[in-house]
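What follows is a single structure, written as structure tokens, with notes after it.
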Amino acid sequence: MTPPGIIFVSLDSVAVALGADEIAAAFADRGLKIVRTGSRGMHWLEPLVEIEISGVRHGFGPIGLDDVPDIVHALANGADCKKSLGPVEAMPFFKNQTRLIFKRCGIVSPTSLTDYRSLGGLAGLSAALKMTVPEICEEIAASGLRGRGGAGFPAAIKWRAVAAAESEQKYVVCNADEGDSGTFADRMIMEGDPFLLLEGMMIAGRAVGATKGFIYLRSEYPIAARVLQEAIDVAYRAGLLGENAMGSGGRFEIDLFIGAGAYICGEETSLLNSLEGKRGEVRVKPPLPALEGLFGKPTLVHNVLSLCAVPHIIENGARDYAAIGVGKSTGSMPFQLSGDVKYAGLFETPFGLTLRDLVERIGGGTRSGRPIRAIQIGGPLGAYLPPSLFDVAIDYEALAAIGAGVGHGGIVVFNDSVDLAEQARYAFEFCAEESCGKCTPCRIGAVRGVEVIDRIRAGDDHARNMQVLSDLCELMVDGSLCAMGGMTPIPVESAIRHFPEDFAFPPKRRKIAASEHAS
Amino acid sequence: MDGPANVDASLAEIMTPFVGLTGGLISALRAIHAEYGFLPPESEAVASGLFNLSQAEIKGVISFYSDFRRRPAGRTIVRLCAAEACQAVGARALERDLALRFALGPGETSASGDLTFRRVFCLGLCSAGPAAMVDGRLMARASSEKITAAIDNAALEQK
């Protein structure tokens, strides 16, 4: 065996948070060449290092500093190593995915335009430059692409509205304020393949007639900020961005904007206010951002994953994309498994798998070995579901039928130590903390919700307070301006519906001692 | 050297490049934060002049975002994720543990000025929780022991 030339180590936040920088430095100290990549999404194996052997990437992980000499020795002598995982792409978790968005993530050097092009990058943009503006919008319409940020709104409706709006200035704004707990797909793609997002924005800009794009990134993602800024700089230097962007004759610019810590700024109108340098309070709709968005100009606002789906659609055609998935849930979705789950990470797959497939077959059940009691799907505003509902297929309509939603594709697994009344209380607590304060149902309702649940858990006038809680939820759903107040009742009411024993007084469930809690 | 006029001049120097940029006020405040670790009280008047906004509007923006502090934080800042994915793997117990160990609640700074303990809602490390950040360094699968060691390390690096 020839000595390996390059060691691939992820620069993804999860890998770094588990020591990847130190591992990379240790290999570099031994004279090996390091290439930093994104993550493969198999986070239980991070820090994962990869080495190319006969043209195939072999994985080793999870790697500690102690393993470094062992691996170096094994490589030099062609011996086996106890952390060897074999060819990374042959591992079941990886092999069973349909990676349309994440096809390059974990393979390429994120800010190398050469790498990006060599694995099909910019093919979508090249195709778009040969199409007319209406053709691009119609291709998006035919693909059935729905917004991946949470609402699942058909993308083409927004594209057509912005394209049709008359204005001397239009914008494309990427919502990278990925604040939902249990979601990290935006972060991973921005850290691992940032040019994909830029390409998606360039195509969108061309389709709707925008000359300026902004990426609104949350401040909690410093590594994504660094990688994205570098990618933007590379794109300008290469003439992809700027005047005569990619030889199109038209101008397109992208700026990165970093937020300042506010979950609500993931709501599109709040995001636009924040991008204007103001308090991130939500705006009353209408007017829709498509007509009056950033600085009152027509603005296409899309989540990172929605924009990242675009190059593939334009390159391969809408029919190809629409053939994947089920019903009105076309294409692939990068699902994110987290919480108490053995194989935590990112799994991109067409819609249509069941929750059980994802959580048990792919996720491998809990990391702690305890039974699963609940999952929360779709972030802090998503439903808590019991295992009896795990045979539901994951698509927008099937989940809506059981009072749940796909959201941004996050699935958090809870073991049997979870107290759903405590989780419901937290839903209100989070809403109280993060409400922008503009509308009363959300601003006051969230605080009242915490108080009412405290009374219920204390057994204070229990039956009456359960009714108050139900009324409060109804009012928040009907009266809130945006999804923050309007959807906070979803985790609360799903917890009550599926886990009523936790809301009884005294709670009917066996009390689990603190020492038994998973740590 | 840090007389009021000098502070004003220094704040203005940091903020001026952001005047006229999209979202410039927030970026300017972030830049001051990066330099000082908090927003000195003079920031409001200086920003008000530069951005042609009332001080009430500036205060409104500052108070809206959780990244902005009006007082210096401790020399080491520990942020601990308090959101669902981390709760599912013991974040609540970890928060209680750290609160006891350092006699500090979330949002508090120790009297010695050594340590600030903050809650954060999601660092994007959900697949390897509990997640924490110690002085800007990400930590996955956090524990009391790992966080304590990181605090000790940070203190050593400051010396």
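Source: prediction; values computed, not measured. In what follows, chains carry the letters A, B, and so on, assigned in the order in which the sequence lines appear, proteins first and then strands, with residues in each chain numbered from 1.
Annotation: maximal heavy-atom pairing with chain B below 4.5 Å, among A/Gly19, A/Gly437, A/Ser181, A/Ala344, occurs at A/Ser181. The most heavy-atom pairs under 4.5 Å with chain A, out of B/Met133, B/Arg92, B/Lys146, come from B/Arg92. Between chain B and the residues A/Ala262, A/Pro222, A/Gly179, A/Ser274, the largest count of heavy-atom pairs under 4.5 Å involves A/Ser274. Of the listed residues (B/Val61, B/Leu94, B/Leu25), the one with the most heavy-atom contacts under 4.5 Å to chain A is B/Val61. Contact count versus chain B (heavy atoms, under 4.5 Å) is highest, among A/Ser13, A/Gly182, A/Gly280, for A/Gly280.
Closest of all the heavy-atom pairs between A/Leu18 and B/Ala128 is CD1-CB, 4.3 Å. The shortest heavy-atom contact between B/Ile26 and A/Lys278 is CD1-O, 3.7 Å. Minimum heavy-atom separation, B/Asp67 to A/Gly261: OD2-N, 3.5 Å. Contact between B/Ser27 and A/Phe257 at its shortest, heavy atoms only, is OG-CE1, 3.4 Å. Across A/Val412 and B/Ala88, no two heavy atoms sit closer than the pair CG1-CB, 4.1 Å.
Counting heavy atoms from C-beta on, the side chains of A/Thr183 and B/Cys126 never come closer than 4.5 Å. Contact of the A/Ile223 side chain with the B/Leu138 side chain is registered, since non-hydrogen atoms from C-beta on lie closer than 4.5 Å. Counting heavy atoms from C-beta on, the side chains of B/Thr22 and A/Leu275 come closer than 4.5 Å.
With rounding to the nearest 0.5 angstrom, the CH2 atom of A/Trp44 is 11.0 Å from the CZ atom of B/Arg141. The SG atom of B/Cys122 sits 5.0 Å away from the OH atom of A/Tyr221 when rounded to the nearest 0.5 Å. Atom SG of A/Cys265 and atom CZ of B/Phe64 lie 5.5 Å apart (nearest 0.5 Å). The line from CD of A/Glu220 to CZ of B/Arg79 is 7.5 Å long, rounded to the nearest 0.5 Å. The structure places CD1 of B/Ile62 at 11.0 Å from CZ of A/Arg279, a figure rounded to the nearest 0.5 Å.
Atom OH of A/Tyr343 has 12 or fewer heavy atoms from other residues, nucleotides or ligands within 6.0 Å. Around CZ of B/Arg71, the count of heavy atoms belonging to other residues, nucleotides or ligands within 6.0 Å does not exceed 12.
In this structure, no portion of B/Arg137 lies under 4.5 Å from any heavy atom of chain A. Looking at B/Ala82, the atoms closer than 4.5 Å to chain A (heavy atoms on both sides) all sit in the backbone: N, CA, C or O. Residue A/Tyr384 touches chain B through its side chain alone, counting heavy-atom pairs closer than 4.5 Å.
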For this session: Could you give me the CA-CA distance, side-chain angles and deciding distance for B/Tyr65 and A/Ser219, then say whether side chain to side chain donor-acceptor pair (under 3.5 Å) is met?
Result: CA-CA 11 Å; B/Tyr65 297 96; A/Ser219 64; over 6 Å; no

For this session: Walk me through it: do A/Gln423 and B/Gln87 pass the test side chain to side chain donor-acceptor pair (under 3.5 Å)?
Result: CA-CA 9 Å; A/Gln423 295 311 117; B/Gln87 290 167 3; 2.7 Å; yes

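Under a 3.5 Å cut-off, the side chain of A/Ser338 and the backbone N or O of B/Ala85 do not form any donor-acceptor pair. With A/Arg187 contributing its side chain and B/Gly124 its backbone, the two residues share a donor-acceptor pair below 3.5 Å. Under a 3.5 Å cut-off, the side chain of A/Arg218 and the backbone N or O of B/Leu123 do not form any donor-acceptor pair. The backbone N or O of A/His43 sits nowhere less than 3.5 Å from a side-chain atom of B/Ser127 that would complete a donor-acceptor pair.
Aromatic ring orientation, B/Phe121 versus A/Tyr426: tilted (interplanar angle from 30° to 60°).
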